Structure formats: structure tokens, C-alpha cells
Amino acid sequence: MKRIFLLLIAAAATACTQATPEQQIVNDAAAALGGRDRVLAVKTLVIEGEGSNGNLGQDMTMEAAEQKFALSGYKRVIDVANNRQRVEQTRTPNFAYFQGPQPQKQVLGVDGDVAYNVAPTGTATRASNAVARDRRADIFHHPITIVRAALDPGAKLANPTAIGSERAVQVTIANGQVFTLAIDNGTKLPTRVASMTDNPNLGDVAIETTFADYQEVSGLKLPARLTTRTDKYTTAEIKATKQTVDADAGDLAAPAAAASAPAVTGPPPANVTVQEVAPGIWFLAGQSHNSVVAEFADHLMLIEAPQNDVRTLAVIAKARELRPGKPLTHVIDSHHHFDHSGGIRAAVSEGLAVTTHKANVPFYQEAIGRAHTLAPDALAKNPKPLKIEPVEDTMVIKDATRTVQVFHIEGSPHGDTLLMTYFPKERILVEADVWSPGAAVQPYAANLLDNIKKRNLKVDKILPIHGAIAPFSELVKTQQPVKTN
Ligand SMILES: [Zn+2]
Ligand SMILES: [Zn+2]
């Protein structure tokens with residue numbers, strides 16, 4: 001009798017300690033962070049410090065990583081129990097930013113399904129559902145929140161794997177969000193958390209936050225260094241100088257103006273206006289990014305496939321209406337910046353060849369081949385090969401009825417991959433971002449003027465990708481010194 005009882009105790013003890021390999025990873029992480037009970041008791045986290053943000057999709061080339069926003073006054077507050085987070089930071093560009101060099105304060109929050117931004121004026125606006133999805137995931141890009149969620153009985157753990165000096169486990173948390181958590185084999189502390197998301201330009205991407213410089217705070221181990229990458233691009237590096245557990249987090253609820261605003265489920269419907277600027281040259285406007293269509297003897301050419309599928313497919317459809325008998329065969333791409341190249345995949349899906357600066361070729365070849373399974377776009381649904389026509393310095397596109405010259409814009413502080421398009425007979429220039437009529441700051445206009453002079457172009461009219469058509473004299477005027485007395 002006594003013997004059986006002892007055997008039963010032994011069996012029960014074995015059952016308790018025999019965690020599955022996936023559970024063991026989570027248990028090890030919880031123990032290393034301060035113990036399961038301590039982790040589960042956490043209500044709020046406040047991380048204060050400094051750091052930097054990268055300039056994803058907007059740097060000098062796609063490979064460049066020099067442009068950064070220095071972050072000061074960084075404060076990330078996580079209300080663990082209520083699934084809310086707010087980040088406050090002041091960012092200062094270390095490059096010639098289109099909004100100017102002054103520091104900008106940002107407040108970026110998420111409260112359940114609602115993501116919101118608060119402007120320095122105090123005005124709150126609702127951000128898109130895609131932003132909300134990424135910010136909801138970001139809450140769990142921290143060792144405490146992800147391990148806490150992984151300990152929840154509603155979480156599902158799967159795919160335990162050994163990767164070098166790490167072990168990783170897939171965690172589907174109770175609300176259905178999926179993460180990969182990796183821990184160090186030696187310290188058992190979490191080394192990184194990753195989750196998948198859709199990026200309109202890059203397709204299916206992993207957002208991964210790595211953790212380092214753990215320090216002791218209120219009976220927990222917290223990382224003082226957090227580095228976040230989208231795909232291979234570093235988007236945030238945070239160095240915590242003060243961390244507080246269970247401090248009063250304040251009210252992280254979405255401001256009423258954002259909470260009551262309608263959900264933004266995607267880009268706005270396209271509105272494409274048409275203006276014939278010269279015979280066979282049309283300016284397609286109506287929203288934030290313009291395009292231009294030019295007629296040749298037997299085909300049409302588009303300048304700029306901007307933003308996203310919605311805008312670019314509408315622009316292409318409108319272009320085809322202009323001369324139904326002539327095929328639209330190619331698109332000239334002003335530069336690689338994500339808001340200007342966001343329609344390149346759509347253009348390829350419509351069979352257009354892409355004329356772009358030589359430095360963009362590797363990126364576009366990669367971008368066309370990338371998987372878009374999380375949010376299938378036009379090219380994912382209708383795959384086509386990329387036909388690419390690189391421009392190093394100059395390209396002339398000419399037939400019996402039309403001559404177009406494409407030039408690299410040299411030395412622009414806005415980017416190394418910029419092309420401007422010139423119609424010599426009509427004395428029309430098309431450019432993106434380097435001069436936007438009406439913009440408060442014009443950090444790139446002097447260089448544009450230099451390029452126009454160096455190429456000896458005779459320009460009467462500028463068709464900007466942002467803003468309204470303007471006479472060349474207006475560009476010249478913005479470059480004259482302003483009298484201050
Ligand atoms: Zn740009
Ligand atoms: Zn732009």
C-alpha cells in the first residue's frame with residue numbers, strides 16, 4: 001500500500017516536470033526573467049530612453065542606411081493587462097528632410113483595434129487598420145509581454161527549434177496573433193521576437209525585435225537595448241535609460257476623436273483627373289501623387305506608378321482611355337522611394353516595362369519576386385516577368401512624333417536614384433519631390449535648378465508629381481534670397 005502510494009507520487013511529480021520542448025522554452029524564459037509568478041503579475045511597463053529610427057524606403061538608395069531620425073524623450077508605456085501601448089518621442093532628422101530640420105514630436109498609440117496619432121497641436125487622428133495590426137503586434141515585441149502571453153492557457157505553442165545558440169518556439173497568443181520567440185541557450189533570456197506582416201512594397205515581411213543588455217528592475221530582468229528590423233532594414237534602435245514596472249501608466253485609452261472615427265481599411269478610392277497640357281501630353285492628378293501620360297506614334301508611355309495598386313491601376317486605366325487604339329507599353333519611375341514605387345508591381349502586372357535608374361535594378365528585381373501571400377496584390381494574382389530598362393545618366397526615347405529625354409538628377413540630397421523627364425519641343429519637365437510647388441520647405445530645389453542648368457534644358461513648365469503645374473519662373477523665384485529687413 002505504502003509502496004504504491006510512493007509510486008503514484010513519483011509518477012505525478014514526473015508528469016508535472018515533463019514539459020513539452022515548446023513549453024520548456026517558455027518556462028525557461030519565464031524563470032530567467034524573474035519567475036512565472038513575477039512575470040504574470042506585471043501590469044504596466046514604462047521604458048524611457050533615446051535612440052534612432054531608420055528611414056525605411058526613403059533613404060538615398062534602397063541599400064543605404066545613413067539617414068536616421070535621432071530620438072529623444074522616448075517613452076514607451078505598455079498597459080499589459082488592457083492591451084494598450086503608447087509611444088511618445090521627439091525625432092530629429094540627420095539628413096535633408098522634406099519637412100525641414102526641426103525636431104518633431106510624435107505620439108503613436110494603440111488601444112485594441114484602434115491605432116491613433118496625436119499631433120503636437122493635441123489633435124488625435126485614427127490610423128489605418130494596417131497600422132493598428134502592426135502596433136498590436138508591437139506590444140508583444142518585448143520579453144515580458146510575449147512570455148506572459150505564452151504562459152496564458154489560451155496560447156498555443158508549436159515548432160520548437162534549435163538555431164545555433166538559441167531555441168525558438170512559435171507562440172499563437174489567445175487573440176490569434178502569431179509570434180516567434182527565441183531564447184538564449186545559456187542565460188535562457190529572450191533574444192528576439194518576430195512576427196509577420198504585409199508591407200505593400202516588400203510583401204510578406206518579418207518584423208523582428210532583438211533584446212540585449214538585460215538589467216535588473218523590480219525583481220525582473222528587462223532588456224535595455226531593443227533593435228527592430230523590418231525584413232533586413234533597421235527601423236528602430238532604443239537604449240533604455242530608465243525602466244519602471246507597475247508605475248501609473250496614465251490613461252492609454254484611444255482619444256475620443258480617434259475612437260469614434262471610422263476604421264480605415266485601405267487606401268482611399270482613386271480619383272484621377274485629366275488635363276491635356278500639350279497635344280498628346282496629359283497630367284493625371286486628383287490626389288497626393290500625380291502621373292503624366294505621353295503619346296507616341298503607336299503607343300503610350302506613363303511617367304510614375306505611385307503609391308499602391310489602387311492609385312496606379314486607376315491611373316493606368318485612365319491612360320488607356322485617352323487613346324484606346326494605342327497600347328500603354330512602359331512606365332518611367334521617378335525614384336525608388338516607397339510612395340513613388342508602390343505601384344511598380346501593379347504596372348508590371350499590367351505588362352508595362354519599367355524605366356528606372358540603374359541603382360534601382362537589384363531592388364526592383366527582388367521586389368517583383370517577393371511573396372505577397374498575406375495581402376495578395378495585383379502582381380501576386382496575375383504574375384508577370386519584370387521588363388526593366390535601366391538609365392545610368394541619360395536616355396532618349398524618340399519616334400517620328402515625339403522626343404522624350406530622361407536624365408539622372410545628380411547630387412540631389414533627396415536621393416541617388418532620381419530621374420527627371422524632359423519634353424524638349426514642349427519645354428516641359430516632370431520631376432518628383434525635388435520641387436513641390438507650394439511646399440513650405442524646398443531643401444532640394446537648388447540642386448534641381450543646378451541640374452536643369454547643367455543639362456542646358458529650356459523649361460517653361462514643370463509638371464510636379466506633388467502639387468499643381470507651375471511655371472519654371474516659380475522654381476527660380478524660390479531660389480532667390482528672401483529679404484529679411
Ligand atoms: Zn522621394
Ligand atoms: Zn514624394
Side-chain angles (χ1 to χ4, degrees), residues 53-69 91 93-101 104 199-202 233 235 267-268 270-272 283-292 302-312 315 331-347 354-361 363-364 367 391 406-421 429-451 462-470 475 478:
N53 279 163
N55 199 15
L56 176 64
Q58 309 289 341
D59 209 314
M60 296 296 280
T61 64
M62 205 52 215
E63 294 73 36
E66 302 300 311
Q67 296 188 344
K68 288 203 164 38
F69 295 91
R91 57 178 215 167
N94 74 350
F95 58 98
Y97 187 48
F98 80 100
Q99 291 181 344
Q104 306 172 300
N199 175 290
N201 290 69
L202 300 173
Y233 306 101
T235 50
N271 169 34
V272 185
F283 188 60
L284 274 51
Q287 283 165 313
S288 62
H289 291 63
N290 307 320
S291 297
V292 173
L302 180 67
I303 303 170
E304 205 70 335
Q307 292 191 287
N308 47 49
D309 279 14
V310 172
R311 178 75 199 171
T312 287
V315 163
V331 57
I332 298 177
D333 160 52
S334 70
H335 62 309
H336 72 283
H337 286 170
F338 276 7
D339 58 316
H340 291 268
S341 62
I344 291 291
R345 284 178 51 95
V354 179
T355 300
T356 189
H357 187 261
K358 194 178 81 162
N360 290 331
V361 172
F363 170 55
Y364 286 158
V391 178
V406 181
F407 299 107
H408 177 221
I409 302 179
E410 284 176 19
S412 176
H414 185 68
D416 286 335
T417 69
L418 286 152
L419 298 179
M420 58 182 178
T421 306
L429 185 78
V430 183
E431 56 76 29
D433 286 356
V434 288
W435 184 54
S436 299
V441 269
Q442 300 284 3
Y444 325 113
N447 169 270
L448 171 63
L449 210 49
D450 286 349
N451 273 272
I462 295 184
L463 275 47
I465 299 300
H466 297 295
I469 297 172
L475 165 63
T478 61

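If you're wondering where the values come from, they're calculated on a predicted model, not measured in any experiment. Order of appearance sets the numbers: ligands from 1, and atoms from 1 within every ligand.
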Undergrad: Hey, what's the angle at the Zn ion (ligand 1) spanning NE2 (His335) and NE2 (His414), nearest 10 degrees?
TA: 110°
Undergrad: In this structure, which one of Asn53, Asn94, Asp59 forms a side-chain contact (heavy atoms from CB on, under 4.5 Å) with Lys68?
TA: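 Only one option passes, and that is Asn94.
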Undergrad: So how far is it from Arg311 CZ to Ser291 OG, rounded to the nearest 0.5 Å?
TA: 6.0 Å
Undergrad: In terms of heavy-atom contacts, does CD of Glu66 have more than 12 from other residues, nucleotides or ligands at under 6.0 Å?
TA: no
Undergrad: Can you tell me which N/O/S atom of His337 has the shortest distance to the Zn ion (ligand 1)?
TA: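 It is ND1, the N, O or S atom of His337 closest to the Zn ion (ligand 1).
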Undergrad: Is Asp339 close enough that one of its N/O/S atoms sits under 2.8 Å from the Zn ion (ligand 1)?
TA: no
Undergrad: Taking the ring centre of each residue, are His335 and His357 less than 6.0 Å apart?
TA: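 Between His357 and His335, which both carry aromatic rings, the centre distance is not below 6.0 Å.
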Undergrad: Can you tell me if an N/O/S atom from His340 lies under 2.8 Å from the Zn ion (ligand 2)?
TA: yes
Undergrad: Taking just the N, O or S atoms of Asp433, which one is nearest to the Zn ion (ligand 1)?
TA: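 Looking at Asp433, the N, O or S atom with the least distance to the Zn ion (ligand 1) is OD2.
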Undergrad: Measuring to the Zn ion (ligand 2), does His466 have an N/O/S atom at a distance below 2.8 Å?
TA: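 Coordinating: yes.
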Undergrad: Main chain of His336, side chain of Ser341: is a donor-acceptor contact present, judged purely on distance under 3.5 Å?
TA: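 Side chain of Ser341 to backbone of His336: a pair is present.
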